[in-house]
Amino acid sequence: MSAYFTFDIIAEDPATHARAGVLHTPHGDIPTPIFMPVGTKATVKGLLPSTLASLGTKILLANTYHLSQRPGSETVAEMGGLHDFMQWHGPILTDSGGFQVFSLGDYVKLTDDGVRFRTVDYDGSYATWTPEENMRIQQLLGADIIMQLDQCPGYPAERSFVERAVELSSMWAERCWKAHTRDDQALFGIVQGGMHLDLRLRSLAHLEACADFCGYGIGGYSVGESHDVMFESLGPLVSEHMPTGKPRYLMGVGNPTTLVRGVGCGIDMFDCVLPTRTARMGTAFSHEGRMNLKNARYAHDAGPIDERCSCPVCTGGYTRAYLNHLVRQKEMLGGILLSMHNIFFLLDLMARARRAIIDGTYGAFLSAWMDSPAAADF
RNA sequence: GGGGAUGUGGCACAGCGGCAACUGCGGCGGACUGUAAAUCCGCUCCCUCUGGGUUCCCUGGUUCGAGUCCAGGCAUCCCCA
């Protein structure tokens, strides 16, 4: 733990494992539970930082792999670090690029010492990372929270493969911890272990033993498994085994239902590309479930996306008919407005969850959500 | 008036003897979970649909077989008068 970062738990729900807290960082306080919009290449596609702030965004994600390729971590550092570079002056978290090790699959080679990427999405050259090099890059980028380099095994996966991912991730966690020197950056370890609770616990135990991380990421979920499979190991891992005094970050999750259930297990932080990606594809979140605004049935619909939503889009007079038009015509404003709505939707969902936790009514909040028509749709 | 070109599914195009017909657009629907994603995947003539029926401007013809070849229409476009 660093002097720059403290995590205060301000309320615990009596009926569930949910808790509400505040994570203090050098660039501001983050109320938890929180959803973090993803701005991989130092931009949440289509949205101004000021817009993000007005939607209630407290912290953004950016990606080490992508930024190391373009424009390069040295360039970002030269421009004063990520906050100045992208003109977002609130907290930022950089993902290590561990997820790219997983998603770039065939283009990545793993060794004990690190990873070798074929940078297919850029110039096709090879990039080699050790945990130390990864830390060097993340320190140049200068986010408030940085993640250890890890390996995410995917699902389904052979137990031996998952075991190996845990071993590698553990080894790399230790090396990242030793290599990271900026105490104004909080380093999070990442728990791996697939759907196997015993491997998860092994991973967690190693992280706790080898370092004093500021928080813990939980990686390797939402990679193809069902919600039931996911929560079977995630639930006990979080609620019974993870240290209570540090933030818990469920990486890459997710959809509204997973967020609500995750909070119930005791998760504090989430991030996901889903709201922004689906927005660009024409899909909006709503209390009724997913809405594909491309659908012909909205072409003459004068209502807002979601009657119950108080986002600038839903209260701003933008009709379903207009959104339908923008999306069909591939006008960029369509993706922008839907991104605003979807991000607000998740931020607001977490803000309401937080209020319920503070009020001691999260159990009711959770079951109300699970009984709602939206729950089945996400 | 003379010369040249072209007519194919909502649109644009391909097709040069075996075709329910390439491709793109459009239309309809779906997927998207630490962003190789403003991407990707289906379907898109009709029907009683693991089969059947009608198609490629029209009418005849040649052929086992014609969107494809021949003849005659009709229509459109371009050039010269």
Side-chain angles (χ1 to χ4, degrees), chain A residues 35-47 59-67 69-70 93-108 117-124 138 143 145-155 169 188 190-192 216-227 230 234 249-259 261-262 267 269-285 290-299 324 326-339 342 346 377-378:
Chain A
F35 175 76
M36 308 183 280
V38 180
T40 303
K41 299 182 183 180
T43 167
V44 176
K45 298 183 196 305
L47 301 187
I59 169 171
L60 286 184
L61 229 74
N63 185 276
T64 303
Y65 167 74
H66 290 285
L67 291 173
Q69 292 302 307
R70 301 279 139 75
L93 180 154
T94 42
D95 182 31
S96 62
F99 186 72
Q100 278 63 43
V101 176
F102 159 68
S103 70
L104 279 106
D106 295 345
Y107 301 103
V108 176
F117 292 93
R118 179 82 194 268
T119 58
V120 272
D121 38 337
Y122 296 99
D123 61 7
Q138 292 202 64
I145 300 173
I146 65 179
M147 303 303 296
Q148 72 153 97
L149 186 64
D150 70 323
Q151 189 203 344
C152 172
Y155 180 87
S169 298
F188 279 32
I190 300 176
V191 181
Q192 287 292 352
Y216 294 103
I218 301 164
Y221 280 116
S222 266
V223 287
E225 79 283 12
S226 69
H227 285 186
M230 170 177 174
L234 178 64
Y249 161 29
L250 182 56
M251 306 181 75
V253 170
N255 68 48
T257 298
T258 324
L259 257 60
R261 290 183 70 178
I267 300 291
M269 304 160 72
F270 303 88
D271 79 283
C272 194
V273 303
L274 196 64
T276 44
R277 179 182 289 171
T278 57
R280 277 177 279 115
M281 313 306 172
T283 302
F285 293 170
R290 290 187 196 209
M291 280 178 67
N292 188 343
L293 267 308
K294 276 189 290 196
N295 288 175
R297 64 174 176 278
Y298 300 120
N324 174 269
L326 293 178
V327 167
R328 279 167 181 268
Q329 291 309 306
K330 301 180 167 66
E331 281 292 337
M332 61 168 114
L333 187 59
I336 292 171
L337 292 175
L338 289 179
S339 291
N342 283 351
L346 294 185
D377 214 19
F378 288 108

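Only heavy atoms go into these numbers, but all of them, side chains included; no hydrogens, no water, no symmetry mates. Letters A, B, ... are given to chains in the order of the sequence lines, protein chains preceding strands, and every chain is numbered from 1.
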Enquirer: Could I get the full list of side chain to side chain donor-acceptor pair (under 3.5 Å) partners for A/Gln192, not counting sequence neighbours?
Expert: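 Once residues adjacent in sequence are excluded, the partners of A/Gln192 under the side chain to side chain donor-acceptor pair (under 3.5 Å) criterion are A/Asp150.
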Enquirer: Using the P atom in both, what is the distance from B/G72 to B/A5, to the nearest Å?
Expert: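 After rounding to an integer number of Å, I get 15 Å for this pair.
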Enquirer: Using the C1' atoms only, state how far B/C58 lies from B/U6, rounded to an integer number of Å.
Expert: 16 Å
Enquirer: Which residues pass the side chain to side chain contact (heavy atoms under 4.5 Å, CB included) test with A/Lys45, not counting sequence neighbours?
Expert: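 Expected list: A/Arg280.
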Enquirer: Distance check: side-chain N/O of A/Asn255 vs OP1/OP2 of B/U33, anything under 4.0 Å?
Expert: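 A/Asn255 to B/U33 OP1/OP2: no side-chain N or O under 4.0 Å.
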Enquirer: Select one nucleotide: of B/A36, B/U33, B/G34, the one nearest the side-chain heavy atoms of A/Phe99.
Expert: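 Side chain of A/Phe99 sits closest to B/G34.
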Enquirer: Please give me the minimum heavy-atom distance between A/Lys294 and A/Arg328, naming the atom from each residue.
Expert: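 Looks like O-NH2, 3.4 Å.
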Enquirer: Base, sugar-phosphate, or nothing: which does A/Glu225 touch, judged by heavy atoms less than 4.0 Å apart?
Expert: nothing
Enquirer: Base, sugar-phosphate, or nothing: which does A/Ile190 touch, judged by heavy atoms less than 4.0 Å apart?
Expert: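 Since a base atom lies under 4.0 Å of A/Ile190, the category is base.
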Enquirer: What is the pairing partner of B/A14, taking Watson-Crick or G-U wobble pairs with both distances under 3.5 Å in any strand?
Expert: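 B/A14 is paired with nothing.
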Enquirer: Quick test: give all pairs of protein nitrogen or oxygen and nucleotides 41-44 of chain B nitrogen or oxygen below 3.5 Å, distance rounded to 0.1 Å.
Expert:
none

Enquirer: Determine which nucleotide pairs with B/C19, using a 3.5 Å limit on both distances of a Watson-Crick or G-U wobble pair.
Expert: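 Base partner found: none.
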Enquirer: Taking the P atom of each, how far is B/G18 from B/C32, in whole Å?
Expert: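 Their P atoms lie roughly 44 Å apart.
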Enquirer: Partners of A/Phe378 by ring pair (Phe, Tyr, Trp, His ring centres under 6.0 Å), sequence neighbours excluded?
Expert: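 So A/Phe378 forms a ring pair (Phe, Tyr, Trp, His ring centres under 6.0 Å) with A/Phe285.
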Enquirer: Sequence neighbours excluded, which residues qualify as ring pair (Phe, Tyr, Trp, His ring centres under 6.0 Å) partners of A/Phe99?
Expert: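 If we apply the ring pair (Phe, Tyr, Trp, His ring centres under 6.0 Å) test to A/Phe99, skipping adjacent residues, the hits are A/Phe102.
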Enquirer: For A/Asp106, enumerate each residue passing the side chain to side chain contact (heavy atoms under 4.5 Å, CB included) test, keeping only those at least two apart in sequence or located in another chain.
Expert: none
Enquirer: Say we look at B/U62 and B/U68: how far apart would their P atoms be, to the nearest angstrom?
Expert: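 Those two atoms are separated by 15 Å.
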Enquirer: Taking the P atom in each of B/G53 and B/C57, what is the distance between them to the nearest angstrom?
Expert: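 Each nucleotide's P atom is 22 Å from the other's.
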Enquirer: Using Watson-Crick or G-U wobble geometry with both distances under 3.5 Å, which nucleotide pairs with B/G26?
Expert: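 When the pairing criteria are applied, B/U44 turns out to be the nucleotide that pairs with B/G26.
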Enquirer: Separation of A/Phe102 atom CZ from B/U35 atom P, in whole Å?
Expert: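 Rounding to the nearest Å, CZ of A/Phe102 and P of B/U35 are 11 Å apart.
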Enquirer: Is there a residue in residues 37-46 of chain A whose heavy atoms reach under 4.0 Å of RNA chain B, and which residues are they?
Expert: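 The stretch gives A/Val38, A/Thr40, A/Lys45 as the residues lying under 4.0 Å from the strand, ordered by number.
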Enquirer: Who are the ring pair (Phe, Tyr, Trp, His ring centres under 6.0 Å) partners of A/Tyr65, not counting sequence neighbours?
Expert: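 Ring pair (Phe, Tyr, Trp, His ring centres under 6.0 Å) list for A/Tyr65, sorted by chain: A/Phe117.
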Enquirer: Write down the distance between CG (A/Leu250) and C1' (B/G34), rounded to a whole number of angstrom.
Expert: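 Going from A/Leu250 (CG) to B/G34 (C1'), I get 9 Å.
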Enquirer: Quickly work out the A/Tyr107 OH to B/U35 P distance and round it to whole Å.
Expert: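 One finds 18 Å between P of B/U35 and OH of A/Tyr107, rounded.
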Enquirer: Are A/Gln69 and A/Asp121 linked by a side-chain donor-acceptor pair shorter than 3.5 Å?
Expert: no
Enquirer: When you compare B/U48 with B/G30, how far apart are their C1' atoms, in angstrom units rounded to a whole number?
Expert: 28 Å
Enquirer: Is there a Watson-Crick or G-U wobble partner for B/A37 with both distances under 3.5 Å, and if so, which one is it?
Expert: none
Enquirer: If we take the C1' atom in both B/G51 and B/G4, what is their distance in whole Å?
Expert: 48 Å
Enquirer: Report, as a single string ordered 5' to 3', how protein heavy atoms within less than 4.0 Å touch nucleotides 25-32 of chain B: B base, S sugar-phosphate only, - not at all.
Expert: -SSSSBBB
Enquirer: Now, which nucleotide makes the Watson-Crick or G-U wobble pair with B/A71, with each of the two distances under 3.5 Å?
Expert: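 Result: B/U59.
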Enquirer: Taking side chain to side chain donor-acceptor pair (under 3.5 Å) as the definition, give me every residue that meets it alongside A/Arg290, ordered by chain and number, with sequence neighbours left out.
Expert: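 Residues passing side chain to side chain donor-acceptor pair (under 3.5 Å) with A/Arg290: none at all.
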Enquirer: Partners of A/Thr94 by side chain to side chain donor-acceptor pair (under 3.5 Å), sequence neighbours excluded?
Expert: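 Only A/Gln138 meet the side chain to side chain donor-acceptor pair (under 3.5 Å) criterion with A/Thr94.
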Enquirer: Return the minimal non-hydrogen interatomic distance between A/Ser339 and A/Ala279, and the atom names on each side.
Expert: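 Closest approach of A/Ser339 to A/Ala279, heavy atoms only: N-CB, 3.2 Å.
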Enquirer: Just by modelled atom types, is the A/Lys41 backbone N or O under 3.5 Å from a matching donor or acceptor in the A/Asn63 side chain?
Expert: no
Enquirer: Report the nucleotide, chosen from B/A36, B/A38, B/G34, that has the shortest atom-to-atom distance to any side-chain atom of A/Arg280.
Expert: B/A38
Enquirer: Taking a pair as Watson-Crick or G-U wobble with both distances under 3.5 Å, which nucleotide is matched to B/C32?
Expert: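 WC or wobble partner does not exist here.
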Enquirer: Should B/C19 be called syn or anti, with syn set as within 90° of 0?
Expert: syn
Enquirer: Under a 3.5 Å limit for both distances, which nucleotide forms a Watson-Crick or G-U wobble pair with B/U76, could you say?
Expert: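 Paired with B/A5.
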Enquirer: Kindly indicate whether the side chain of A/Ile190, heavy atoms from C-beta on, has any atom under 4.5 Å from the side chain of A/Met147.
Expert: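 Side chain of A/Ile190 against side chain of A/Met147, heavy atoms only: contact under 4.5 Å found.
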Enquirer: Expressed as a whole number of angstroms, how long is the span from A/Asp271:CG to B/G34:P?
Expert: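 In whole Å, B/G34 P and A/Asp271 CG are 7 Å from each other.
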Enquirer: Identify whether any heavy atom of A/Thr119 sits under 4.0 Å from a base atom; if not, whether one sits that close to sugar-phosphate; answer base, sugar-phosphate or nothing.
Expert: nothing
Enquirer: Atom OH of A/Tyr249 to atom P of B/G34: distance rounded to whole Å?
Expert: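 Rounding to the nearest Å, OH of A/Tyr249 and P of B/G34 are 9 Å apart.
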Enquirer: B/U33 and B/C28: how far apart are their C1' atoms, nearest whole angstrom?
Expert: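 Pairwise C1' distance, B/U33 against B/C28, rounds to 27 Å.
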Enquirer: A/Ile145 has an atom CD1; how far is it from atom C1' of B/G34, in whole Å?
Expert: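 It is 13 Å, rounded to the nearest whole Å.
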Enquirer: Of all the choices, B/G34, B/U35, B/A36, which nucleotide is nearest to the side chain of A/Asp150 once you look at every atom?
Expert: B/G34
Enquirer: To the nearest Å, how far apart are A/Gln100 CD and B/A36 P?
Expert: 5 Å
Enquirer: What is the distance, to the nearest angstrom, from the OH atom on A/Tyr122 to the C1' atom on B/A37?
Expert: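 Computing the A/Tyr122:OH to B/A37:C1' distance gives 12 Å.
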Enquirer: Can you sort out the partners of A/Gln151 under side chain to side chain donor-acceptor pair (under 3.5 Å), two or more places apart, ordered by chain and number?
Expert: none
